[in-house]
A.B. asks: 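Submitted below is the structure of interest, expressed as structure tokens.
Counting from 1, the numbers follow the sequence of the chain as shown.
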Amino acid sequence: MDISTKIKQFGLEQVLNYISKDPEENFPKVLAFVDRLAGDGPNTFAVQRAAFHKVLDDPENSMYKLIMKMMREIDLEVLKATFFNFFLNANITGWPRQQEMREKYGCNIPWAILLDPTSACNLHCTGCWAAEYGNKLNLSFDEIDDIIRQGKELGTYMYIYTGGEPLVRKKDLIALCEKHSDCQFLAFTNATLIDEEFADDMLRVKNFIPAISLEGFEAATDERRGEGTYQKVLRAMAILKERHLPFGLSCCYTSQNLDSISSLEFVDQVIDWGAVFMWYFHYMPVGNDAVPELLPSPEQREFMYRRVREIRTTRPIFAMDFQNDGEYVGGCIAGGRRYLHINANGDVDPCVFIHYSDSNIREKSLLDCLRSPMFMAYHDGQPFNNNHLRPCPMLENPDLLRGMVEKTGAHSTDLQSPESVEHLCAKCDRYAACWTPKAEELWEKSLAGKR
């Protein structure tokens, strides 16, 4: 850590100590001080400061309520670590480094890296695409350590574990948190392996946050994940809340569960459980045995588009819909533009849902993977659609994925039942055609609202 970073970290720590004494009173004072310090010239983060003012000057704002809730309920040392790693390292410090590397090498450089420590899982959920990889694959501790080392050289300080069930490897994950204390780690998990000992480890390392998967209330969750799963998840969340640890929920919506998983009753319950974020994922028909009938209808997807925006403005929780929020990130973020995926076999996929690759991390450096033909096809093709409500080269623009896989010679990384790109994209053709008129209507209204 260089001296300038240490100074920034020390300054942030003092600010957080001051704010924590009386958040409602001291947060606005700090922002007013920042305004005076910044002045009115160029490069003063005027837009960002205005966004903070919009929240902190309005106690009725849902994000104001969320911030104050976190200041009151989350362990202060964990909050500090999150500020240092997520805001300072992954963004303020990391982002310029990523941009420098993008310009130097002419390729995408990711803000976050998703990786599967293992393909093993303690549950057998219906329709889980991760089952494609079997249950015997693992990235070794040294391999994950080296991925993180290479990532930090490129300016990447955000690492997200998927699987399989990542917590099958929880001792290794905690050890990685300790070794890379300057990084922020998050894991998509079924939460059934979270116990008091692991929560205490989380409290000690301070830089690990779980995103817990739920299908809704008890009947829906147990139907897909197995009897008794829901109660185990409730217990895990109670343990985290007792220790003032941050966590969120990860919810996949389909044509069958959309109404319950997006109900305000469910959202309010999630907030009461202690979650501070809620990420919605659109069902993807990945795998030879995927069920296209689970794809939401255009009307259902429009409902989710509006519902998530309603949650953000009326509830103290940060809600995001990764398929419907493309307008905020400029379309598709995969292929290393903002993230990539490395499976437990070492295959480097452009997306956690698109399992076609021409590179393996055991054979190439991370940078060489980012400069491979498949990843450069992503780099050169983004955005895949100027309508960011149609961002994906698979789901909404399936001919584009067909073309990239054919052109680059990428192969299926499904080790159990390899799926041809034609088989996958054929499941998306009708969906894309049906969604396009509604997407165009919503996009035009969105643009009109910004004029």
Side-chain angles (χ1 to χ4, degrees), residues 66 70 74-75 78-91 94-95 110-118 121 130 139 144-145 147-148 151-152 155-194 198-199 201-214 233 236-237 239-241 243-252 270 273-281 317-322 325 329 333-334 338-344 351-353:
L66 174 59
M70 292 178 65
I74 302 301
D75 179 88
V78 173
L79 278 179
K80 288 179 185 178
T82 303
F83 265 83
F84 299 153
N85 295 343
F86 182 79
F87 290 102
L88 181 60
N89 295 341
N91 289 285
W95 189 268
W111 174 77
I113 293 177
L114 276 67
L115 50 90
D116 301 347
T118 181
C121 185
L139 292 172
I144 299 173
D145 178 43
I147 291 167
I148 297 170
K152 289 198 290 186
T156 303
Y157 287 84
M158 185 76 193
Y159 295 87
I160 303 174
Y161 297 119
T162 54
E165 168 49 52
L167 297 193
V168 169
R169 299 277 304 282
K170 57 187 177 181
K171 291 188 181 299
D172 280 343
L173 300 192
I174 290 295
L176 288 161
C177 286
E178 291 177 305
K179 185 168 185 179
H180 298 281
S181 60
D182 53 350
C183 292
Q184 187 63 49
F185 295 92
L186 183 142
F188 290 107
T189 173
N190 62 44
T192 61
L193 298 177
I194 293 176
F198 183 68
D201 283 337
M202 288 174 56
L203 195 58
R204 176 171 54 81
V205 299
K206 303 176 182 61
N207 57 342
F208 184 93
I209 298 176
I212 297 170
S213 299
L214 269 185
V233 173
M237 290 190 289
I239 290 171
L240 296 171
K241 188 175 182 180
R243 284 160 176 76
H244 305 284
L245 286 162
F247 66 91
L249 258 67
S250 168
C251 302
C252 175
V270 166
W273 284 330
V276 295
F277 63 86
M278 192 172 187
W279 290 350
Y280 284 104
F281 292 90
I317 190 167
F318 183 70
M320 181 184 294
D321 181 335
F322 277 81
D325 280 340
V329 291
I333 62 173
R338 295 292 177 263
Y339 93 99
L340 55 81
H341 173 239
I342 303 174
N343 70 24
C351 176
V352 72
F353 296 115

A.B. asks: Grab the two heavy atoms, one from Ala191 and one from Ala236, that are nearest each other, plus how far apart they are.
C.D. replies: O-CB, 3.3 Å
A.B. asks: Could you work out, with side chain to side chain contact (heavy atoms under 4.5 Å, CB included) as the rule, every residue matching Leu79, not counting sequence neighbours?
C.D. replies: Met70, Met71, Ile74
A.B. asks: Please find the pair of heavy atoms, one from Leu240 and one from Pro210, that lie closest to each other, and give the distance.
C.D. replies: CD1-CG, 3.9 Å
A.B. asks: Please work out whether the ring planes of Tyr161 and Phe185 are parallel, tilted or perpendicular, with thresholds of 30° and 60°.
C.D. replies: parallel
A.B. asks: Considering residues at least two apart in sequence or located in another chain, which fulfil the ring pair (Phe, Tyr, Trp, His ring centres under 6.0 Å) criterion with Tyr280?
C.D. replies: none
A.B. asks: Answer yes or no: is there a side-chain heavy-atom contact under 4.5 Å between Phe281 and Phe188?
C.D. replies: yes
A.B. asks: How long is the span from the CD atom in Gln184 to the OH atom in Tyr157, to the nearest 0.5 Å?
C.D. replies: 13.5 Å
A.B. asks: Show the nearest heavy-atom pair for residues Ala199 and Ile239, with the distance to one decimal.
C.D. replies: CB-CG2, 3.5 Å
A.B. asks: Run the side-chain hydrogen bond (donor to acceptor under 3.5 Å, both in side chains) test against Lys171 and tell me which residues pass, sequence neighbours left out.
C.D. replies: none
A.B. asks: What I'd like to find out is whether the side chain of Val270 reaches to under 4.5 Å of the side chain of Leu214, using heavy atoms alone.
C.D. replies: no
A.B. asks: For Asn207, enumerate each residue passing the side-chain hydrogen bond (donor to acceptor under 3.5 Å, both in side chains) test, keeping only those at least two apart in sequence or located in another chain.
C.D. replies: none
A.B. asks: Hey, are the side chains of Leu249 and Met237 touching, using non-hydrogen atoms and a 4.5 Å cut-off?
C.D. replies: yes
A.B. asks: With sequence neighbours left out, write down each residue that passes salt bridge (charged side-chain N to carboxylate O under 4.0 Å, His left out) with Lys152, or none if nothing qualifies.
C.D. replies: Asp182
A.B. asks: If every non-hydrogen atom of Ala112 is compared with every non-hydrogen atom of Ile160, which pair is closest and at what distance?
C.D. replies: CB-CD1, 4.3 Å
A.B. asks: Got a sec, which residues hit side chain to side chain contact (heavy atoms under 4.5 Å, CB included) with Phe198, two or more places apart in sequence or on another chain?
C.D. replies: Leu167, Lys170, Ile174, Ile194, Asp195, Met202, Phe208
A.B. asks: Partners of Arg243 by salt bridge (charged side-chain N to carboxylate O under 4.0 Å, His left out), sequence neighbours excluded?
C.D. replies: Asp200
A.B. asks: Has the side chain of Tyr159 got a donor or acceptor atom that lies under 3.5 Å from a matching backbone atom of Ile148?
C.D. replies: yes
A.B. asks: For Trp111, which residues count as a side-chain hydrogen bond (donor to acceptor under 3.5 Å, both in side chains) partner, sequence neighbours excluded?
C.D. replies: Asn91
A.B. asks: List the residues meeting salt bridge (charged side-chain N to carboxylate O under 4.0 Å, His left out) with Asp172, not counting sequence neighbours, and say none if there are none.
C.D. replies: Arg169
A.B. asks: What residues, two or more places apart in sequence or in another chain, satisfy side chain to side chain contact (heavy atoms under 4.5 Å, CB included) together with His244?
C.D. replies: Asp75
A.B. asks: Identify the two heavy atoms, one from Asn343 and one from Asp116, that lie closest to each other, and give their separation to 0.1 Å.
C.D. replies: CA-OD2, 3.5 Å
A.B. asks: Please round to the nearest 0.5 Å and tell me the distance separating atom OG1 of Thr162 and atom CG of Leu115.
C.D. replies: 7.0 Å
A.B. asks: Which value, rounded to the nearest 0.5 Å, describes the distance between Asp145 atom CG and Leu139 atom CG?
C.D. replies: 12.0 Å
A.B. asks: Return the set of residues passing side-chain hydrogen bond (donor to acceptor under 3.5 Å, both in side chains) with Thr189 (not counting sequence neighbours), or none when no residue passes.
C.D. replies: Glu165
A.B. asks: Check whether any side-chain heavy atom of Lys80 lies under 4.5 Å from a side-chain heavy atom of Lys206, and answer yes or no.
C.D. replies: no
A.B. asks: So, using ring pair (Phe, Tyr, Trp, His ring centres under 6.0 Å) as the criterion, who are the partners of Phe277 when residues are at least two apart?
C.D. replies: Trp279
A.B. asks: Start with the C-alpha gap between Asn190 and Val233, add the side-chain angles, then the distance that decides, and say whether side chain to side chain contact (heavy atoms under 4.5 Å, CB included) holds.
C.D. replies: CA-CA 7 Å; Asn190 62 44; Val233 173; 5.8 Å; no
A.B. asks: Spell out, as yes or no, whether a donor-acceptor pair under 3.5 Å connects the side chain of Asn85 to the backbone of Ser181.
C.D. replies: yes
